[in-house]
Amino acid sequence: MSDMFDYDGFLTKSIQKLKLAGNYREFTDLERYAGKYPKAYDHTNKREITIWCNNDYLGMGQNPEVVLAMKKCADEIGVGAGGTRNIAGTNHPLVVLEEEITSLHKKESALVFTSGYVANSTTLRTLGSMLPDLVILSDECNHASMIEGVRFGKCEKKIFRHNDLKHLEELLTEVEKGRPILIAFESVYSMDGDISPIKDICDLADQYGALTYLDEVHAVGLYGEEGGGIAQREGLEERIDIIQGTMAKGFGVIGGYIATTKVMADFIRSFGHGFIFSTAMNPPTAAACLASVRYVRAHNELREKLHTNVDTFKNMCADVGIPVMRSTQSHIIPIFVGDPVKCRQISNRLMDEYNIFVQHINHPTVPRGTERLRVTPTPLHTEEMMHEMIEALVDVFGEEMLKDGQLILEADSIAAA
Ligand SMILES: *Cc1c(COP(=O)(O)O)cnc(C)c1O
């Protein structure tokens with residue numbers, strides 16, 4: 001027997017290693033109360049808490065119109081799609097949702113996937129494997145779902161330094177003339193909160209005949225006059241060939257999409273395995289997504305309130321010296337810790353002593369040495385909650401950490417490295 005592979009032994013040892021490094025993930029069992037977000041019940045620790053790290057950035061997951069749309073659709077149509085898009089799964093709410101997303105991004109067409117992850121990995125994989133001799137230029141900080149798509153596409157890839165136009169151009173000049181090129185990047189980066197130079201990247205793409213692929217997952221719903229994202233805010237939607245987004249964050253439900261030209265959508269629809277070979281999004285979910293996108297488009301005051309709260313909270317942090325990383329240009333507020341064990345301890349203390357939930361962010365989500373808390377205020381966080389949060393942070397960070405202004409600089413230089 002001893003010459004056989006010890007499966008459990010291998011699994012246990014791998015997990016042990018994670019634990020020793022302080023990177024083992026533990027999930028908190030939460031029950032949000034409809035209408036009371038950001039309050040929730042924590043079943044793991046048996047208490048009511050305030051959530052400060054959720055990606056339901058606008059609280060749309062509990063919006064009464066969205067909830068009603070889902071219930072109503074379930075009553076009328078039922079809960080299942082019943083098949084893939086090709087085999088009787090293309091349900092009417094889903095078709096209307098694709099039209100809504102097309103119009104949100106002022107594109108010709110849109111495709112909905114079961115998640116943003118699947119949208120990225122399927123689209124990039126399909127292009128990588130089908131466009132003859134494609135080169136993908138990918139920002140080094142791109143999300144795991146894009147990395148997976150690029151990898152599975154098996155085409156040539158070049159990684160450019162984060163938001164580094166010079167490096168991007170250098171890599172573009174290396175590509176033989178006439179080859180197809182795709183530049184894949186994000187608008188708001190989810191861990192540093194920084195925003196990419198979309199216009200400059202589009203200029204380079206034009207100059208070198210490249211396609212642009214923009215992940216707006218952390219921006220849709222939140223930026224632009226109708227919540228179309230950063231490209232919308234900057235009037236650049238037309239210049240992006242493929243805009244990718246999610247309905248799971250700013251729109252508060254679930255599901256991902258791409259918005260693009262008619263012919264590109266037809267191509268991905270026809271050749272993308274993750275689109276064709278997976279059961280279509282179910283009607284109540286599509287109805288909820290549709291209600292949410294419509295609501296968010298029409299309610300600019302939600303966005304205004306979000307950004308007011310973000311500014312207020314950033315100012316409150318600055319006043320007491322909480323080390324907010326200077327990278328942030330968005331609603332994502334990363335607070336630097338720089339040590340995995342300390343980061344976990346701080347997060348645990350916030351929960352244990354203050355009933356505040358901020359998940360610690362450790363490697364491999366962020367580079368080692370840049371461990372942080374990632375705080376995301378919403379329009380529903382009250383001023384009182386913010387004061388509680390600041391008081392708690394001041395306590396758990398401790399005096400010596402708050403005094404040291406260097407910490408912030410250090411965090412940014414590590415993040416940029
Ligand atoms: C969360 C995320 C995704 C995946 O979207 P889901 O809808 O959650 O699958 C894609 N890109 C980025 C940058 C993300 O943060």
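Just follow the structure's listing: the first ligand is 1, and inside any ligand the first atom is 1.
- In this structure a side-chain-to-backbone donor-acceptor pair under 3.5 Å is present from Asn282 to Val79.
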Test Tyr189 against His218 for ring pair (Phe, Tyr, Trp, His ring centres under 6.0 Å), laying out the working first.
CA-CA 7 Å; Tyr189 282 86; His218 291 280; 9.3 Å; no
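- A pairwise comparison of heavy atoms in Gln359 and Cys53 identifies N-SG, 3.4 Å as the closest pair.
- Because its NZ or CZ atom is both nearer than 6.0 Å to the ring centre of Tyr24 and within 45° of the ring axis, Lys19 counts as a cation-pi partner of that residue.
- Residues Arg372 and Phe336 come closest through the heavy atom pair CB-CA, 4.3 Å.
- Around ligand 1 you find Ser115, Gly116, Tyr117, Asn120, His143, Ser145, Glu186, Asp215, Val217, His218, Thr246, Ala248, Lys249, each with a heavy-atom distance below 4.0 Å.
- Listed by chain and residue number, nothing satisfies the salt bridge (charged side-chain N to carboxylate O under 4.0 Å, His left out) test with Arg233 (two or more places apart in sequence, or in another chain).
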